[in-house]
Amino acid sequence: MTYQPLSRDQLAARVARDIPEGSYVNLGIGLPTRIANFLDPEKEIFLHSENGLLGMGPAPAPGEEDPELINAGKEFVTLLTGGCYFHHGDSFTMMRGGHIDICVLGAFQIAANGDLANWHTGAADAIPAVGGAMDLAVGARKVFVTTDHVTKKGEPKIVERCSYPLTGVGCVDRIYTDLAVIDVTPQGLLVQEMVPGITREQLQAMTGAALQFSANCQ
Amino acid sequence: MIDKTVATAADAVAKIYDGATVMIGGFGSAGQPAELIDALIAQGARELTIVNNNAGNGDTGLAALLKARRVKKIICSFPRQSDSYEFDALYRAGEIELELVPQGNLACRIQAAGSGLGAVFTPTGYGTLLAEGKETREINGKHYVLEYPISADFALIKAQQGDRWGNLVYRKTARNFGPIMAAAAKVTIAQVSEIVPLGALDPEQVVTPGIFVQQLVAV
């Protein structure tokens with residue numbers, strides 16, 4: 001059988017569908033940031049950026065960039081009407097204190113028990129940087145991860161046990177890949193959706209941990 | 001009459017000494033007190049320990065302080081960026097010490113110092129490399145890591161407006177670490193875009209009360 005993996009935009013749009021109105025949401029750097037482009041404009045969703053704003057809006061028009069209005073990726077952004085600024089203590093109180101409903105992070109690896117590795121390859125010559133990833137991993141009520149299902153070399157990114165240094169222990173709730181939506185449950189990994197045309201066997205072959213399948217995944 | 005304003009950035013940083021721990025506000029270049037850093041470079045203090053979210057961008061501000069080889073150690077959460085080449089070169093040459101701290105732990109350790117707490121138990125980093133060797137405790141079924149306060153001899157921060165008592169308001173996301181660093185340093189020096197008369201700042205809107213600020217300078 002043949003199947004088509006989701007494009008990055010399709011993956012971002014798929015995650016966006018699962019973000020309810022009224023949610024306080026932190027979108028990590030990289031693909032998660034793209035999710036903002038696909039949120040329903042009819043819904044009021046509060047985007048948080050850990051450098052100190054709630055109610056983050058889209059990029060400004062050319063010429064209207066303000067170097068003192070940036071997001072956690074140090075990109076120029078805007079503030080929506082009703083948005084606000086705060087200092088780092090308050091910002092991480094929001095994150096660590098369970099006030100953020102959903103965060104979406106990228107990943108190097110995710111383990112079957114929900115362990116996440118996304119900050120450091122562990123290579124001897126790498127300069128490590130962590131930012132707010134560990135705070136989001138432990139602090140958000142729901143941790144979603146977006147990732148390609150396999151690495152560029154074709155190796156599984158969903159594994160029994162992470163070989164890269166961990167960001168958080170047992171913190172991931174749901175994984176969105178370019179091939180499937182997978183919940184991390186106490187009973188293991190439960191596939192909720194697959195791209196059309198892929199078989200359970202094909203998906204399992206590209207996954208480094210045992211998968212279970214919900215009834216609607218045929 | 002109490003007047004915490006000083007005439008120049010050079011006057012403001014004059015007492016920073018070799019070996020001091022200096023917090024520098026800012027997230028990337030937003031909120032970075034660039035004029036105070038330039039004055040510190042000119043002043044010449046060496047062997048500094050710097051606390052900042054990052055480790056310098058491009059050639060200016062904190063990156064220029066690193067390039068001038070005034071920094072012995074940096075405590076930060078996110079040193080490696082596309083334009084952190086000054087830090088990267090020093091780090092690879094083994095000429096700067098790095099203490100990498102998750103961003104929220106950086107914030108709460110600074111707040112702990114400012115609040116007079118002995119330590120904090122934080123869930124962030126539990127079970128990771130950054131908690132190795134640290135004391136942990138299970139509280140109500142959740143795991144925490146013991147982290148100690150980060151205090152400083154000096155803090156250099158940037159605000160939008162201040163008055164002669166040191167009350168400050170900030171601008172947009174330039175606020176970031178300013179308020180919490182102000183509370184955590186023995187001597188906090190604020191550069192502001194404008195010094196306004198006492199009473200001009202709405203007391204309901206003051207972000208950093210002047211008790212946390214020892215000197216301010218308009219730049």
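Worth knowing before you read on, the calculation uses all heavy atoms, side chains too, and leaves out hydrogens, waters and symmetry mates. Everything numeric in this text was worked out from a predicted model, so none of it was measured. So that the names make sense, note that chain A is the first sequence line, chain B the second, and so on, each numbered from 1.
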Just wondering, do [Y] and [X] contact through their side chains at under 4.5 Å, heavy atoms?
{"X": "A/H87", "Y": "B/N176", "answer": "no"}
{"X": "B/R70", "Y": "B/I41", "answer": "yes"}
{"X": "B/Y170", "Y": "B/I157", "answer": "yes"}

I need the minimum non-hydrogen distance between A/H48 and A/F86, along with the two atoms involved. CD2-CZ, 3.9 Å

What are the two closest non-hydrogen atoms of A/Q109 and A/Y164, and how far apart are they? OE1-N, 3.0 Å

Residue, of [options], that accumulates the most heavy atom pairs under 4.5 Å with chain A:
{"options": "B/L106, B/L130, B/L98", "value": "B/L130"}
{"options": "B/N53, B/V207, B/N57, B/N54", "value": "B/N54"}
{"options": "B/G178, B/G125, B/P123, B/A174", "value": "B/P123"}
{"options": "B/R92, B/K142, B/Q81", "value": "B/R92"}

Between [Y] and [X], is there a salt bridge with N-O shorter than 4.0 Å?
{"X": "B/K134", "Y": "B/E147", "result": "yes"}
{"X": "B/E99", "Y": "B/R109", "result": "yes"}
{"X": "A/D101", "Y": "A/K142", "result": "no"}

Given heavy-atom pairs under 4.5 angstrom as the criterion, report whether the side chain, backbone, both or neither of [X] touches chain A.
{"X": "B/D88", "result": "both"}
{"X": "B/F87", "result": "side chain"}
{"X": "B/V101", "result": "backbone"}
{"X": "B/A30", "result": "both"}
{"X": "B/Y91", "result": "side chain"}

What part of [X] gets within 4.5 angstrom of chain B, counting heavy atoms only: side chain, backbone, both, or neither?
{"X": "A/S91", "answer": "neither"}
{"X": "A/P128", "answer": "both"}
{"X": "A/F92", "answer": "side chain"}
{"X": "A/N71", "answer": "backbone"}

Out of A/L53, A/D125, A/V138, which one racks up the most heavy-atom pairs below 4.5 Å with chain B? A/V138

Decide whether A/E50 and A/N26 meet the rule of one side-chain donor and one side-chain acceptor closer than 3.5 Å. yes

